[in-house]
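Read the structure below first, then the notes.
Proteins get letters first, then strands, A, B, ... in listed order; numbering begins at 1 in each.
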There are 2 protein chains.
Amino acid sequence: MDLCSKHKKNLIEEAGLYFEKRHNLPPLSARVYGIMVLSSLEGYTFEELMEITQASKSSVSTSLNLLQQLKFVEYYTKPGERKRYFRSSGSFIQNMLKEQYGTIKADLELTEKINDFNKKNNPENYRKKGYLGSIFHVFLEQEKKNIEQTLERIKDFKEQN
Amino acid sequence: MDLCSKHKKNLIEEAGLYFEKRHNLPPLSARVYGIMVLSSLEGYTFEELMEITQASKSSVSTSLNLLQQLKFVEYYTKPGERKRYFRSSGSFIQNMLKEQYGTIKADLELTEKINDFNKKNNPENYRKKGYLGSIFHVFLEQEKKNIEQTLERIKDFKEQN
DNA sequence: TGATCAGTTCGGTTTGTTCCGAACCAACTA
DNA sequence: TAGTTGGTTCGGAACAAACCGAACTGATCA
């Protein structure tokens, strides 16, 4: 039995490649997550994932554990069955944006440190090159809030719908 | 001669580690970029970078080429000299945000494709799980603009100051 | 109790990345 | 033209990441 249409396979490949490059997941994890986001809420079993990816038991296990740790994937069980059904947890875009937001936040924090240093040690740099001191600092604070709010709105939006 | 104070060395290490993890640069490239963002507009020569990083000629060359390709670093020359002086191009935070923005944009594009697919193939998923159809789509469009504007504002701010 | 099922853990192989030294090139200098 | 300076390119060593098979665990079932 074919678990996957041709078109779906192509999309999985595209999404997988994408997660690998941009969000640097290991190749197999990336493809597994690709499968999840393109699948119904039903999800897939361990076996089916082996079948689709043509990967080994241990590799699939490791990949699923990583994805669960990242909160990208979750599983549920059907009463009476021991098998787990794996599916994407939350929406794909929310997971991705949350990650990006974390990075941006960390960027801004590092920026503060760097600005402080340059203010003291490379004042000419600090002025001319865009390390614009307290005004810029305030400005960035504002943008930081802006970005935070975007994520909040997405969260709220989803909860209300 | 010591090209680098103790305090600066620590910051370089911290920044380097950060670029390595979050923006996945190779270790040496990450440290070199750390040096750049913590240095005056004067920049450093190839030799000085070898001295500070204790790395080989070829490694420094490769690193600088990567950083230039990413537009993180640029060089200038002094009239009459053949030597290049390397320095961070643009402000660090701008470079970082630009990168993040690119990722978010790509995320949103992939989201559209995935939503389209799920709409057709996993309609129940599409409804229940946050793939909320055209409303969500419109909503995301708006957020996309929001994020774009943040970057624009940073750019404008810097140009005006 | 033994057998089976669902998944994990552990070494080892394969694959890929990062860095190095040595040879090289291109521009200038004596 | 030969030598020096500033930097690049190439092949390989050292290390790390990704995946595999085989042995294992822990739960259920006959």
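Rounded to a whole Å, the CD atom of B:E81 is 11 Å from the C1' atom of D:dG6. Rounded to an integer number of Å, the gap from CG of B:L66 to C1' of D:dT8 is 15 Å. Summarising the geometry, the separation between OH on B:Y44 and P on D:dG6 is reported as 18 Å, rounded to the nearest angstrom. The distance between atom CG of B:L67 and atom P of D:dG7, rounded to the nearest whole Å, is 15 Å. Regarding B:E51, its CD atom lies at a distance of 15 Å from the P atom of D:dG6, rounded to whole Å. Distance CG (B:N65) to C1' (D:dT8): 8 Å, rounded to an integer number of Å. One can place CG of B:L64 at 12 Å from C1' of D:dT8, the figure rounded to the nearest angstrom. If you take CD of A:E20 and P of C:dG16, they are 11 Å apart, rounded to a whole angstrom.
Side-chain N/O atoms of B:R84 include none lying less than 4.0 angstrom from OP1 or OP2 on C:dA27.
Between B:F19 and B:Y33, the two ring planes are tilted [angle within 30° to 60°].
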What pairs of nitrogen or oxygen atoms, one from the protein and one from nucleotides 17-21 of chain C, lie under 3.5 Å apart?
unit_1, atom_1, unit_2, atom_2, d
C:dC19, OP1, B:L28, N, 3.1
C:dC20, OP2, B:S56, N, 3.1
C:dC20, OP2, B:S56, OG, 3.3
C:dC20, OP2, B:S59, OG, 2.4
C:dG21, N7, B:S58, OG, 3.1
C:dG21, O6, B:S58, OG, 2.8

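Between A:R82 and B:F46, it is B:F46 whose nearest contact on DNA chain D lies nearer the 5' terminus.
Judged by distance alone, the side chains of A:D107 and B:H23 do bring a donor and an acceptor atom under 3.5 Å apart. When only modelled atom types and interatomic distance are considered, A:R84 and A:T77 share no side-chain donor-acceptor pair under 3.5 Å.
A cation-pi arrangement is present between B:K78 and B:Y85, with the terminal nitrogen or guanidinium carbon under 6.0 Å from the aromatic centre and inside a 45° cone about the axis.
Under a 3.5 Å cut-off, the side chain of B:Q54 and the backbone N or O of B:E51 do form a donor-acceptor pair.
Ring pair B:Y44/B:F86: centre-to-centre distance not below 6.0 Å.
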